[in-house]
Amino acid sequence: MIEVLPEFPKAYEPQGVEDAIYQKWLDSGYFTPENLPDFADRKEVFSIAMPPPNVTGTLHIGHATMLAIEDSMVRFARLSGKKALWVPGTDHAAIATQSKVEKMIFEAEAKTRHDLGRPEFLRRVNEFAQNSHDTIVNQCKKMGSSLDWSREAYTLDAERNKAVNVAFKQMFEDGLIYRGDRIVNWDPLMQTTVSDDELERKESKAPFYYLKYGPFVIGTARPETKFGDKYVVMHPADERYFAFEHGQKIELEWINGPITATVVKDEAADPEFGTGVMTITPWHDAVDFGIAERHGLDKEQIIDDNGKLLPVAGEFAGQPIKVARKGIIEKLTSKGLVDHIDEDYVHNIALNSRGGGIIEPQIKRQWFVGVNTEFAREGKMVTLKKLMQDAVRSKWVTIVPDRFEKTYFHWIDNLRDWNISRQLWFGHRVPVWYKGEEQIVGEVPDGDGWEQDSDTLDTWFSAGLWTFSTLGWPNKEAPDMMYHPTTVLETGYDILFFWVARMILMSTYLLGEVPFKTVYLHGLVRDEQGRKMSKSLGNIIDPLDMIGRYGADATRLSLIIGGTPGNDTRLSEEKIAGFRNFTNKLWNISRFVDMQTAGLRHVEVMPVAVTLADKWILGKFASVIEKVTQYHANYQLSLAGELLREFTWTDFADWYLEIAKVEKGKDEMLNYILERLLILWHPFMPFVTEEIYARFNNGMIMVAKWPMSVATDMAGHITSANGVAGRAVTASTKDEEMFEVLQNVIVAIRNIRAEYNLVPKQLVDVVVSDKSLLLYNDIIAALARVRYLTTGEKPEQVASAVVGGVEIHVSLEGLVDTAKEKTRIETELENTKKYVEMQTTKLDNADFVSRAPEKVIAGEKAKLAEAIDKAQKLEQQLASMK
RNA sequence: GGGCGGUUAGCUCAGUUGGUUAGAGCGUCACAUUGACAUUGUGAAGGUCGAUGGUUCGAGCCCAUUACCGCCCACCA
């Protein structure tokens, strides 16, 4: 069926067409690779697992960046003839989502999750998650994302739950998952543990108390933890305390009366810090816990799960920390135990980064993944840490930009066992069932009387399985597993530890292969002033808003062009508006070609280049195809976009189309180039290119063929395998140089015209020194507004210039300001002479001549010769001036 | 305390293994408005590439030192 298209509107209006185009793509089914008509012929596989957005709300500009980049990658792969798959999904984001919903419920109904009960609370969270999900899916579509919706997944659905249970079981059986009493990060506010990576440290100023502890002075910022302190620790090599022996008992007066303290010598005590002596609280401090473990010391809980003091605190029992601290200091002061107080002490306090409270370390029975635990793998003993390290060290996984490999290794080096159980309600239940002494792991037990572990798993546990749990795993025979390892993982660098590293852990452990071959890390999007976007600052740029105002293509371009991987980018509405202008430019280029050639149409075979301009543009275009293809292969999307913009706007529109208005018979050339140019643009701006392409009547651009790359032959001729049987583009170096001279001559004339403020209507006569330029009389006449172009005698009243060895005299009878001309030429001459001098010095340098490559020397010599020639001509011009 | 990044035109940024007189977009200035596009065209101005020293025939790029800004990591109680 041939669509009847309306007339070509003067301006591109994205708002009117984007939704329909997206629907057309959906209807085609091509987002699902198996539906591609030539699926079987497509040899290479390309796949991306989309980082699933959290179902905590709506997509922000960072998500939009992710979608723009990934969609460009997938569309490029699809156009390049690959089996291109991009899997969508959402993340239940256990802690973030639960925290958000709890907050909403409390604000609206003043109820906690305990008031509602587990089933009702989960019903509410799921309802919220569903709404967020729908919004997110809609936003992905608005961005033009070519996601395979038939494969959509959710980190908390039944299939993913199965994957989680199988993974858990295998790790448990290998001894990598264990349950133990360890010191963990407890958030009293949300009543759950959080992993080390979910802590956010905030600098804070607090009084630092120096307390008299028997013969010692100890320092603390947390006097409320000191009740149980009965060990006093110092470095074994600290000479000041040689009088005290390890294990020595000391009677001393403390907060609630006399106690017996034991001296412990341990290297964890820093002699440089404070007095070099400290007391320890193993239950509420990770370092202290370590010391206590090493020496087999008692551990006592001082603070309960709600952040209140326990009976050990005596009269302070039941008080919240903040209240108790004041009273304790008062009591210590009255007992004369406060030595002095440093009021300006700065330390870091740990917060739950997901909107929770101040972390209180506690000893708790939790589930852990042992990252240093050895297990057998192919006859060797390895650890999860080693698997993670090897994957990157061996370049099995490549990180772009590579500097993040260092960050990655550093993180692994400092990694401790991963606490995976949470006391949250929203999430995958820890797949362990208990009945009396019995325990079943990883599989739902038969029979009655089994109770499941009430905890849920860290959201990153299921997220770590994402690349393969979305492709049918744990069924290793699942046909979709052909898409694994995925080709590239594209995400923000801020998520390297949380997610990227854990995916590598899970995949190398469970599958024995990496989850992706390349990690492409994009930067954060900031506002014009480099600040993070946030609601409170009111500087948020909402992608949907921008799409509504400037179109999805412009929004996408603004997020792809002008940035580099791993570096933050600043975004402004002006930038997006600028790309809206470009979108319209491309539209109008097409509109012009449509009018000029009586309708856009597919041209299969590369047309014969008739004129110099034809040869030039085909040569240029061939090189653009080659470079853009290469940039895509190297994930240098910004460079690809900039090169395309330059070619499209400057070379094709400003030069070639202007020439096409003069040189007729370019219908094939124009259509041939435009069609392929649209394909090159399609990964970046899918909507407008699809809309224009409809007028070519050649199917959908989404499944068009990427123009073939080109090669340069020995003679410097650029040949194209561009679907053309044996026809080569013959833009020789000489042709290219000639065209450049032509361009320079035109610019020089325009320049002179501008200096004398000539309006376009006013034509000028021009005398040039090179008669071969007369061949291009029509072009020069039109583009530089010239009446007669000759090679005759230089007229009297002229303004002159020298470019590329050509002398140009623009006849300006009655207009020439001789003094001004003289100054202009003198300045030019002076600069040229300086340059000649510089080049001469360089070429007279024996070291340069003997050591620089010949090619460089030849180039420098040619430049010198041209400059000398130019200087001579300028001198003659000056001499002939009256 | 360790590590990483940034510093190039008024602003936002490129600059591919060191090789033209360092580029782009936006902004600025001048001129132009009936024939693809004013969401435009033409032309121009604007930078001693943070600083110092070194390597080299040659440095924005490599090395060392240093300044400022930003980020990440860290068990100084």
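Here is the naming used below: chain letters follow the sequence lines, and residue numbers restart at 1 for every chain.
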Sequence neighbours excluded, which residues qualify as side-chain hydrogen bond (donor to acceptor under 3.5 Å, both in side chains) partners of A:Glu642?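 If we apply the side-chain hydrogen bond (donor to acceptor under 3.5 Å, both in side chains) test to A:Glu642, skipping adjacent residues, the hits are A:Ser638.
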For [N], the Watson-Crick or wobble partner whose two distances fall under 3.5 Å:
N	result
B:C37	none
B:C71	B:G3
B:A44	B:U28
B:U21	none
B:C62	B:G54

Applying a 4.0 Å non-hydrogen cut-off, can you work out what [X] is touching in the nucleic acid: base, sugar-phosphate, or nothing?
X	result
A:Arg753	nothing
A:Arg201	sugar-phosphate
A:Arg570	sugar-phosphate
A:Asp494	nothing
A:Leu639	sugar-phosphate
A:Thr564	sugar-phosphate
A:Ala852	base
A:Lys834	nothing
A:Lys10	sugar-phosphate
A:Ala577	nothing
A:Gly562	sugar-phosphate
A:Gly276	base
A:Ala221	nothing
A:Lys661	base

Give me the distance, rounded to whole Å, that separates [N] from [M] when you measure between the [atom1] atoms they each carry.
N	M	atom1	value
B:A24	B:U42	P	14 Å
B:C69	B:G25	C1'	24 Å
B:G2	B:U28	P	47 Å
B:G5	B:U65	P	14 Å
B:G46	B:G3	C1'	38 Å
B:G53	B:G60	P	15 Å
B:C26	B:A44	P	16 Å
B:G50	B:A9	C1'	15 Å

Looking at A:Asp553 and A:Val688, would you say the former's side chain and the latter's main chain have a donor-acceptor pair under 3.5 Å? yes
Is it true that A:Glu830 and A:Lys833 make a salt bridge, defined as a side-chain N closer than 4.0 Å to a carboxylate O?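 So A:Glu830 does not pair with A:Lys833 through a salt bridge.
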Which comes earlier along RNA chain B counting from the 5' end, the contact point of A:Val747 or that of A:Ser638, where each point is its nearest nucleotide?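 Comparing both residues, the 5'-ward one is A:Ser638.
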Within a radius of less than 6.0 Å around NZ of A:Lys855, do more than 12 heavy atoms belonging to other residues, nucleotides or ligands occur?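 Count not over threshold, so no.
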Any donor-acceptor pair under 3.5 Å joining the side chain of A:Lys575 to the base of B:C26?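 Such a pair does not exist between side chain and base.
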By nearest atom, which of the nucleotides [options] is closest to the [X] side chain?
X	options	result
A:Lys863	B:U20, B:A36, B:G25	B:U20
A:Phe848	B:U21, B:G19, B:A32	B:G19
A:Arg403	B:U16, B:C4, B:G43	B:C4
A:Ala11	B:A36, B:U39, B:U21	B:U39
A:Glu642	B:C37, B:G41, B:A14	B:A14

Is there a side-chain contact between A:Lys627 and the phosphate of B:U16, meaning an N or O under 4.0 Å from OP1 or OP2?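 No, outside the criterion.
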Scan side-chain atoms only and decide if A:Lys585 and A:Thr648 contain a donor-acceptor pair under the 3.5 Å cut-off.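 No pair is found: no donor N or O on one side chain lies under 3.5 Å from an acceptor on the other.
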Can you see whether A:Asp229 engages A:Thr281 through a side-chain donor-acceptor pair at a distance of less than 3.5 angstrom?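 The criterion, which ignores hydrogens and geometry beyond distance, is satisfied for A:Thr281 and A:Asp229.
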Six-ring centre of A:Tyr835, A:Lys863 cation under 6.0 angstrom, axis tolerance 45°: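 Ring-cation test returns no.
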